[in-house]
Structure formats: structure tokens, C-alpha cells
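Accompanying notes for the structure given below.
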Amino acid sequence: MSSRAAAKTKPTDQQADRPARLLAWYDRHRRRLPWRAEAGERADPYRVWLSEIMLQQTTVRAVGPYFEKFLSRWPDVTALGRASLDDVLRMWAGLGYYSRARNLHACAVVVLNNHDGVFPDTEDGLRALPGIGPYTAAAIAAIAFDRRTMPVDGNIERVVTRLYAIEAALPQAKPLIKEMAATLLGPSRAGDKNSRAGDSAQALMDLGATICTPKKPACALCPLNDDCAGHARGDQETFPRKAPKKSGTLRRGAAFVVTRGAELLVRSRPDKGLLGGMTEVPGSQWLAGQADAAALAEAPELKGVTRWHRKSGVVTHVFTHFPLELVVYTANVPPRTRAPDGMRWVPVATLDGEAFPNVMRKAIAHGLDL
DNA sequence: GAGCCGTGGAA
DNA sequence: TTTCCAAGGCT
């Protein structure tokens with residue numbers, strides 16, 4: 001009898017077997033990652049938390065060096081809780097989604113001050129912390145504390161919607177996906193714990209990252225291929241279904257790269273919103289439908305600046321919800337020229353250590369011909 | 001619920 | 001070149 005026929009006659013057995021097949025696959029093919037414990041060992045909650053925050057909407061490759069830098073400088077949550085937000089933002093610069101860095105620091109402070117430096121070991125307790133939403137709470141609870149819960153990230157959404165050929169589109173399908181994902185947890189043993197829930201979750205993530213990929217999934221290598229509804233239909237790549245998204249309107253603005261010898265004029269952005277708390281060079285507003293030259297009216301007022309030099313070309317950058325074009329104006333002012341209110345001079349030699357988002361690094365490089 | 005919030009790599 | 005998207009959370 002073929003496995004296909006078996007699946008038809010005994011679908012219940014086939015599905016009941018999935019958690020075990022998934023874990024067997026994981027034991028053979030799991031990825032070795034810096035924040036992961038060795039097989040059978042309990043993971044360090046601090047490392048799990050730090051990695052989960054960094055991995056939100058960010059690739060494993062991009063996170064690697066940042067994770068090592070943070071762990072080396074702040075080995076535990078107590079050390080991180082005692083660090084300054086500015087130091088954390090500087091260390092985070094370049095990784096994107098900067099509210100994560102602010103919430104990371106805020107979370108460490110709460111754990112240090114309100115939880116004696118020990119992470120809560122329940123999903124609800126974790127969920128209450130800054131920067132920890134439904135996914136991250138479930139992931140930490142399962143991976144670090146072996147709570148029997150299945151986090152649902154982009155990988156698991158993809159695997160599950162293919163496995164069950166779920167037609168409903170995201171984000172409406174999330175509750176259904178969560179429900180179906182939980183069927184891939186192994187049976188509970190000893191109540192809430194010792195179910196290998198963390199391994200089940202990481203198995204699904206690894207499967208999504210290495211086999212059940214967004215494009216051209218390697219179904220032949222998948223431990224669940226013989227009862228995957230998407231694979232049986234042949235349209236597995238079309239899952240998950242999602243509503244089309246709209247691209248933003250182009251915005252334009254100006255950046256002012258002002259040097260005083262070997263120093264650069266900078267300021268800090270407001271704490272919240274786009275690039276919140278990060279460092280920038282002075283600039284105009286970024287507006288849709290604005291002509292390049294109009295932004296010059298918003299140049300900082302500096303004694304000694306008789307005229308601005310407009311660099312040829314534009315700096316382009318694409319944010320999640322809009323593309324941006326910046327024109328760059330430069331000026332060099334005499335020694336001891338005062339920085340305008342709210343601005344400061346920093347040595348060009350130490351720019352790498354500043355909390356510049358990438359768009360600012362581009363603008364500065366353009367202005368300084370780096 | 002839908003919009004906001006970065007960056008870099010792959011196709 | 002353009003598009004997609006990668007271990008989401010906040011408002």
C-alpha cells in the first residue's frame with residue numbers, strides 16, 4: 001500500500017505522527033546558531049530574548065555580528081539594564097527598526113528593577129514586557145522555559161498555510177494559523193513542561209528557513225511532504241495568501257553637511273517616530289511633491305556660512321512605507337563657530353561610533369566625498 | 001485593524 | 001531595476 005493510500009484511509013494516524021517526525025528531522029538537521037543551546041540543554045533566557053528581539057523582521061545573517069557585540073559588552077540582562085540608552089542605540093545603529101533598541105533597553109530595566117534581574121518564565125509574564133508581543137512571548141516561553149506553546153512567525157505561517165492549504169489571507173487568517181500550528185506540538189508530558197515545545201517551534205522555523213522557503217521550496221527533502229495539502233495540490237508556493245500592499249509616495253528633502261575643520265554638525269532626532277532617538281545631520285522636512293531647492297529655506301542658521309554648496313546628484317533611500325530623495329548641501333565654517341541650539345559638533349574620525357541610521361551615513365558620505 | 005517602523009540580500 | 005521579504009510590535 002502506498003503512503004498516499006495510507007493517508008487516505010488513516011489520516012488521523014498520519015497527522016498524529018507529525019510532531020514526532022518533525023522532531024526527528026530537527027535532531028538531524030537543526031541549524032547551529034550562536035544563541036541556541038546544544039541539544040538537550042536549556043537555553044539561556046537572556047540570549048533567547050536578545051536574539052528574538054534582534055531577529056524580528058531581520059535575517060539571521062544580519063543579526064549575527066550584532067548579537068555577538070551585545071553579548072560581549074553586556075553579558076546579562078543586569079548589565080544591559082544598567083547601560084545607558086545612548087550606548088544601546090549606538091550599538092544597535094545599522095540594524096534598523098530602532099524602537100526595538102529603545103524597548104530592549106526598557107525591558108532590561110524592568111527586568112532588573114521589577115523582577116530582580118530574572119526573566120518571567122510564563123508567556124503572560126513575558127508578554128507584559130516592552131517590545132515583547134505575542135510571537136516573542138511564545139517563542140521565549142517555549143525555547144527558554146519549555147512551556148507548551150507554539151509561537152507563530154513568518155516561517156511558521158508559511159509552513160502551516162501550505163501544510164493545510166489555508167485559503168484565508170493574512171492577517172485575517174492568523175487565529176486559524178495559530179490553531180493549526182498548535183497541532184504540531186508534541187503531546188504534553190508532566191503537565192506544562194518537558195514537551196520539547198521549544199524544539200518543535202525551532203524545528204518549524206528551521207524547516208521554513210531551509211526547506212519550506214518562500215520561493216522554490218525543497219519539498220523532496222521535507223519530513224512532512226507526504227501529507228502536505230499544498231504539496232499535493234502542487235501550488236504550495238502560492239501560500240500564504242496575502243492582500244497586496246501599496247507602495248508609498250516619493251518624498252524629498254535636504255540634508256546639510258556642515259564641517260568645522262575635522263568636525264561635523266549633528267543633532268538628535270525626537271525620541272519617538274521615524275528613526276527615533278537616532279543621530280542625524282540637520283535637514284529639512286521630508287515632503288511629498290516638494291521641489292529640491294525649496295528645502296534650502298530650512299538650512300540651519302550659522303555665522304560664517306555665506307553660501308551653501310549643493311552637491312551634484314541625490315541620495316536615495318527606501319523606507320518601509322516611502323522612498324526618499326535627499327539633496328545634500330555642504331558648508332565649512334571657521335574654527336570656534338558655535339553650534340545652533342540643539343546641535344553639536346562631533347569629530348569626523350569617530351563618526352562610526354555615532355548612532356547614525358543608514359540614510360544618514362549615505363548623506364554624510366555624499367557630502368564629504370567619502 | 002491598518003499604518004508606521006530599517007536594512008540588506010536574493011531573484 | 002523592481003519587488004519581495006526576514007524569528008513583529010506598537011498605536
Side-chain angles (χ1 to χ4, degrees), chain A residues 30-31 33-36 43 47-67 89 92-104 106-107 126-144 150-159 169-175 178 181 198 200-210 212-216 237-238 240 242-249 251 269-278 280 286 316-324 355-362:
Chain A
R30 71 195 201 98
R31 292 179 291 174
L33 299 170
W35 43 87
R36 271 190 187 170
R47 294 188 183 216
V48 174
W49 164 70
L50 180 60
S51 67
E52 288 298 342
I53 301 301
M54 288 183 167
L55 286 162
Q56 289 168 6
Q57 299 293 287
T58 310
T59 58
V60 166
R61 173 181 295 185
V63 165
Y66 284 85
F67 179 81
L89 286 176
W92 193 279
L95 196 55
Y97 283 133
Y98 298 101
S99 68
R100 291 185 298 172
R102 299 194 296 275
N103 284 329
L104 184 85
C107 182
L126 290 160
R127 177 68 183 81
L129 295 169
I132 298 184
Y135 161 76
T136 305
I140 299 174
I143 296 169
M150 181 62 85
V152 179
D153 71 334
N155 285 311
I156 297 181
E157 282 179 348
R158 188 170 56 255
V159 172
L170 290 169
Q172 289 75 17
K174 284 198 175 215
K178 174 87 176 174
S200 295
Q202 293 177 98
L204 279 182
M205 293 184 214
D206 282 12
L207 194 62
T210 65
C212 196
T213 50
K215 294 172 184 174
K216 301 188 182 304
E237 269 194 64
T238 65
K242 47 183 75 173
K245 49 186 164 187
K246 33 196 161 187
S247 71
T249 306
R251 301 186 198 179
R269 293 179 63 87
D271 286 338
K272 296 186 176 181
L274 182 67
L275 305 173
M278 302 298 285
E280 66 176 2
W286 300 341
T316 62
H317 191 78
V318 181
F319 292 100
T320 311
H321 51 298
F322 67 92
L324 174 68
F356 287 122
N358 272 15
V359 61
M360 285 302 144
R361 294 187 186 278
K362 289 184 194 175

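Worth knowing before you read on, the calculation uses all heavy atoms, side chains too, and leaves out hydrogens, waters and symmetry mates. Proteins come first, then strands; the chains are lettered A, B, ... in the order of their sequence lines, and each starts at number 1. Every value quoted in this text rests on a predicted model; they were computed, and no experiment measured them.
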Taking the nucleotide of DNA chain C with the closest heavy atom to each, which residue, A/Asn103 or A/Asp206, is nearer the 5' end?
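Counting from the 5' end, the first nearest nucleotide belongs to A/Asp206.
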Nearest nucleotide by nearest heavy atom, which residue falls closer to the 5' end of DNA chain C, A/Val60 or A/Leu129?
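Mapping each residue to its closest nucleotide by heavy atoms, the 5'-most match is A/Val60.
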Roughly how many Å is it from [atom1] in [X] to [atom2] in [N], rounded to a whole number?
{"X": "A/Asp271", "N": "C/dC10", "atom1": "CG", "atom2": "P", "result": "17 Å"}
{"X": "A/Leu274", "N": "C/dT11", "atom1": "CG", "atom2": "P", "result": "16 Å"}
{"X": "A/Tyr98", "N": "B/dC5", "atom1": "OH", "atom2": "C1'", "result": "11 Å"}
{"X": "A/Glu52", "N": "C/dG8", "atom1": "CD", "atom2": "P", "result": "9 Å"}
{"X": "A/Leu104", "N": "C/dG8", "atom1": "CG", "atom2": "P", "result": "16 Å"}
{"X": "A/Arg100", "N": "C/dG9", "atom1": "CZ", "atom2": "P", "result": "11 Å"}
{"X": "A/Met54", "N": "B/dT7", "atom1": "CE", "atom2": "P", "result": "15 Å"}
{"X": "A/Ile132", "N": "C/dG9", "atom1": "CD1", "atom2": "C1'", "result": "11 Å"}

Among [options], the nucleotide that comes nearest once only the side chain of [X] is considered:
{"X": "A/Lys242", "options": "B/dG6, C/dC5, C/dC10", "value": "C/dC5"}
{"X": "A/Gln56", "options": "C/dG8, C/dA6, B/dG6", "value": "C/dG8"}
{"X": "A/Val359", "options": "B/dC4, B/dT7, C/dG8", "value": "B/dT7"}
{"X": "A/Asn358", "options": "B/dG6, C/dA6, B/dG8", "value": "B/dG8"}
{"X": "A/Arg61", "options": "B/dT7, B/dG9, B/dC4", "value": "B/dG9"}
{"X": "A/Tyr97", "options": "B/dT7, C/dA6, B/dC5", "value": "B/dC5"}
{"X": "A/Pro214", "options": "B/dC5, C/dG8, C/dA6", "value": "C/dA6"}
{"X": "A/Thr58", "options": "B/dA2, B/dG6, C/dG8", "value": "B/dG6"}
{"X": "A/Tyr135", "options": "B/dC5, C/dG8, B/dT7", "value": "C/dG8"}

With rounding to whole Å, what would you report as the distance between C/dC4 and B/dG3 at their P atoms?
16 Å
What distance, rounded to whole Å, do you find between the two P atoms, one in C/dT1 and one in B/dG6?
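C/dT1 and B/dG6 have their P atoms separated by 25 Å.
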Would you say A/His317 places a side-chain N or O within less than 4.0 Å of OP1 or OP2 belonging to B/dG6?
no
Check whether any side-chain nitrogen or oxygen of A/His321 sits under 4.0 Å from OP1 or OP2 of B/dC5, and answer yes or no.
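For B/dC5, OP1 or OP2 has a side-chain N or O of A/His321 closer than 4.0 Å.
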Answer with base, sugar-phosphate or nothing: what part of the nucleic acid does [X] contact at a heavy-atom distance below 4.0 Å?
{"X": "A/Ser51", "result": "nothing"}
{"X": "A/Pro134", "result": "sugar-phosphate"}
{"X": "A/Leu275", "result": "sugar-phosphate"}
{"X": "A/Trp35", "result": "base"}
{"X": "A/Leu33", "result": "base"}
{"X": "A/Val318", "result": "base"}
{"X": "A/Gly208", "result": "nothing"}
{"X": "A/Arg158", "result": "sugar-phosphate"}

On a plain distance test, is the side chain of A/Thr320 in donor-acceptor contact with the base of B/dG6 below 3.5 Å?
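Result: at least one qualifying N/O pair found.
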Basic-acidic side-chain contact under 4.0 Å: A/Arg31, A/Asp206
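Yes.
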Indicate the atoms forming the closest heavy-atom contact of A/Ala93 with A/Arg361, along with that distance.
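Heavy atoms only, the tightest pair is CB-NH2, 4.3 Å.
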Nearest atoms (heavy-atom pairs only) where A/Ile132 meets A/Ala137
CG2-N, 3.4 Å
5′-ward residue of the pair A/Lys215/A/Gly96 relative to DNA chain B
A/Gly96
Nearest-nucleotide 5' precedence on DNA chain B, A/Ala62 against A/Gln172:
A/Gln172
Hey, does the side chain of A/Thr213 reach the backbone of A/Thr210 with a donor-acceptor pair shorter than 3.5 angstrom?
no
Check: A/Gly198 main-chain N/O paired with A/Gln202 side-chain donor or acceptor under 3.5 Å
yes
Hey, does A/Glu280 have a side-chain heavy atom less than 4.5 Å from the side chain of A/Leu275?
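When only atoms from C-beta onward are counted, A/Glu280 and A/Leu275 do not touch, as no gap falls below 4.5 Å.
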Quick one: are A/Trp35 and A/Val63 in side-chain contact, heavy atoms under 4.5 Å?
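A side-chain contact under 4.5 Å exists here.
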Taking atom types as modelled, is there a side-chain donor on A/Gln56 or A/Arg100 under 3.5 Å from an acceptor on the other?
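No, no side-chain donor-acceptor contact under 3.5 Å.
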